[in-house]
There are 2 protein chains.
Amino acid sequence: MALLDDALIAHLGVVAGAHLVVLPTAFGVDPAGPDDGGTLYLHGSVAAGWLAPALEHDVCVTVTELEGLVLARTGFHHSMNYRSAVVIGRPRRVTDQGERRRALDLIVDHMVPGRSATLRPPTRRELAATVVIALPLAEASMKQREGGATLEPGDLELDGWAGLVPVRRVASAPVTEDYVTDEVPELVLRRAAELGRV
Amino acid sequence: MALLDDALIAHLGVVAGAHLVVLPTAFGVDPAGPDDGGTLYLHGSVAAGWLAPALEHDVCVTVTELEGLVLARTGFHHSMNYRSAVVIGRPRRVTDQGERRRALDLIVDHMVPGRSATLRPPTRRELAATVVIALPLAEASMKQREGGATLEPGDLELDGWAGLVPVRRVASAPVTEDYVTDEVPELVLRRAAELGRV
């Protein structure tokens with residue numbers, strides 16, 4: 001699903017206590033994961049405490065890429081072009097250590113493909129501090145709006161401009177931390193250039 | 001709240017029947033609106049049918065601007081820089097015709113400031129087809145991550161690169177619809193240039 005490759009963040013809706021909360025979060029995708037249709041992985045901090053109770057209810061994960069402002073001749077037909085995926089389901093808490101490791105690698109690699117293999121493995125302490133949850137991708141429902149402004153017959157007789165303002169995400173040059181002497185890795189340079197083309 | 005000016009879409013979490021759903025949506029802001037702290041406005045189609053039942057429960061509206069990929073020396077400290085606002089509350093259905101008109105103008109003007117004044121007013125049929133809801137901005141909780149990768153004492157002894165890949169949204173040149181003979185309005189050109197600087 002190209003949208004899930006292109007997008008960097010998801011919005012997770014969970015029931016937390018008496019409230020529904022929607023939070024931005026990183027994610028990872030395993031098209032060959034153990035869940036129906038492949039697996040969407042999210043992670044959270046054990047200390048934050050809100051992810052574990054959320055496992056008792058269905059959650060909704062929505063990923064959206066905004067692609068343009070649609071400026072019609074009428075306010076009514078102003079809109080946006082976008083792609084979105086909505087995944088609703090009861091999350092599975094990932095407990096198998098191998099799958100947890102793999103899920104965390106996928107979340108890192110979603111940011112920069114290939115990066116996890118260049119890092120030291122997570123420690124036991126780091127793994128213990130992290131909740132990993134999985135959702136089946138089979139349930140994903142996709143929605144998309146593309147193209148120009150909706151035009152009703154009467155709108156042709158209106159005056160005024162109508163059109164589209166395309167928007168996209170770009171990256172700028174990677175900024176190296178002060179304490180680092182290594183050059184920016186090729187993987188990171190490639191990813192920054194690629195984000196500029198999405 | 002600068003974030004709400006900069007962001008173009010919100011994610012609305014609602015309870016719809018037995019499910020929690022998170023959907024991307026346009027929004028408008030009136031800092032001097034009638035609700036506590038000012039008003040956040042959303043709109044939806046009467047025909048779509050999901051917005052009206054959602055009024056019976058609290059909803060959550062989350063606005064997020066992604067600002068960078070944080071690439072630490074450890075997978076555990078990989079993160080993202082972002083700003084987000086979370087507004088939770090019982091939505092008020094806007095029924096006053098003057099406020100409805102103003103809210104719809106604000107949603108259009110959020111896309112392109114000043115544009116609503118250049119369009120014909122909404123018709124009665126258009127107004128009747130639209131649900132407008134309001135939320136108080138006083139309840140907005142802001143969250144932000146900025147700066148470099150979290151560094152633990154031991155990480156200084158690790159090898160490898162760490163740094164930030166800044167990301168931002170840009171707009172490209174407006175695309176005029178085939179049936180339009182007017183030049184691209186100054187307002188739209190200015191907005192496209194401004195989006196490129198956010």
Side-chain angles (χ1 to χ4, degrees), chain A residues 8-9 11 13 15 19-24 26 58-60 62 64 66 69 71 74-76 78 80 82 84 86 88 104 108 111-112 115-116 118-120 122 126 148-149 156 158 160-172 174-177 179-180 182 184-185 188 191-192 195, chain B residues 8-9 11 13 15 19-24 26 58 60 62 64 66 69 71 74-76 78 80 82 84 86 88 104-105 108 111-112 115-116 118-120 122 126 148-149 156 158 160-172 174-177 179-180 182 184-185 188 191-192 195:
Chain A
L8 292 169
I9 59 168
H11 279 83
V15 174
H19 283 297
L20 185 170
V21 183
V22 177
L23 295 169
D58 280 5
V59 302
C60 179
T62 299
T64 306
L66 181 65
L69 305 179
L71 308 174
T74 60
F76 187 73
H78 273 58
M80 300 200 200
Y82 66 96
S84 75
V86 175
I88 295 174
L104 295 172
V108 166
M111 295 170 64
V112 178
R115 181 147 174 88
S116 69
T118 69
L119 306 173
R120 70 144 169 74
E126 288 170 351
L156 273 178
L158 292 172
W161 182 83
L164 183 72
V165 178
V167 300
R168 66 189 199 285
R169 188 186 52 236
V170 298
S172 21
V175 180
T176 299
E177 296 283 355
Y179 53 84
V180 170
D182 296 45
V184 183
V188 174
R191 179 58 164 160
L195 285 172
Chain B
L8 292 170
I9 59 167
H11 280 82
V15 175
H19 282 297
L20 187 170
V21 183
V22 177
L23 295 170
D58 281 4
C60 179
T62 298
T64 306
L66 180 65
L69 305 180
L71 308 175
T74 59
F76 187 72
H78 273 57
M80 300 202 200
Y82 66 95
S84 76
V86 174
I88 295 174
L104 295 172
D105 284 352
V108 166
M111 294 169 63
V112 178
R115 179 144 175 94
S116 68
T118 69
L119 306 174
R120 71 146 168 74
E126 288 170 351
L156 273 177
L158 292 173
W161 183 84
L164 184 72
V165 178
V167 300
R168 66 188 199 286
R169 187 186 51 236
V170 298
S172 23
V175 180
T176 299
E177 295 282 355
Y179 53 84
V180 170
D182 297 45
V184 184
V188 174
R191 180 57 162 160
L195 285 173

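No hydrogens, no waters, no symmetry mates; every other heavy atom, side chains included, goes into these values. Within every chain, numbering begins at 1; the chains are lettered A, B, ... in the order of the sequence lines, protein sequences first and strands thereafter.
- Looking only at atom types and distance, the side chain of B:His11 has no donor-acceptor partner in the side chain of A:Thr62 under 3.5 Å away.
- Put simply, the side chain of A:Leu156 reaches to within 4.5 Å of the side chain of B:Tyr179, judged on heavy atoms.
- Looking at residues two or more places apart in sequence or on another chain, you find no side-chain hydrogen bond (donor to acceptor under 3.5 Å, both in side chains) involving A:Thr74.
- When heavy atoms are compared at a cutoff of 4.5 Å, A:Val86 approaches chain B solely by way of its side chain, counted from C-beta outward.
- Between B:Thr176 and A:Leu164, every side-chain heavy-atom pair lies at or beyond the 4.5 Å cut-off.
- In this structure, the side chains of A:His19 and B:Cys60 stay at 4.5 Å or more apart for every pair of heavy atoms.
- Ranking B:Ala26, B:Gly163, B:Ala162 against chain A, the residue ahead of the rest is B:Ala162, based on heavy-atom pairs under 4.5 Å.
- You'll find the side chain of A:Val175 reaches within 4.5 Å of the side chain of B:Pro166, heavy atoms only.
- Considering only heavy atoms from C-beta on, A:Leu71 comes within 4.5 Å of B:Met111 through its side chain.
- Heavy atoms closer than 4.5 Å to chain A are found nowhere in B:Ser116, neither backbone nor side chain.
- Residues B:Ser172 and A:Arg168 share a closest heavy-atom pair of OG-NH1, 4.0 Å.
- In terms of heavy-atom pairs under 4.5 Å with chain B, the best-connected choice from A:Leu104, A:Thr118, A:Val188 is A:Val188.
- Side-chain contact between B:Trp161 and A:Val184 is present, with heavy atoms from C-beta onward closer than 4.5 Å.
- Residue A:Leu66 touches chain B through its side chain alone, counting heavy-atom pairs closer than 4.5 Å.
- With a 4.5 angstrom heavy-atom cutoff, A:Val112 touches chain B only via side-chain atoms.
- With sequence neighbours left out, B:Leu119 forms a side-chain contact (heavy atoms from CB on, under 4.5 Å) with A:His78, B:Val108, B:Arg115.
- For B:Ile88, the part sitting under 4.5 Å from any heavy atom of chain A is the side chain, from C-beta outward, and nothing else.
- Residue with the most contacts toward chain A among B:Ile9, B:Val22, B:Val167: B:Val22 (heavy-atom pairs, distance under 4.5 Å).
- Of the atoms belonging to B:Leu158, it is side-chain heavy atoms, and not backbone ones, that fall under 4.5 Å from chain A.
- Chosen from B:Val165, B:Val15, B:Leu23, the residue pairing most often with chain A at heavy-atom distances under 4.5 Å is B:Val165.
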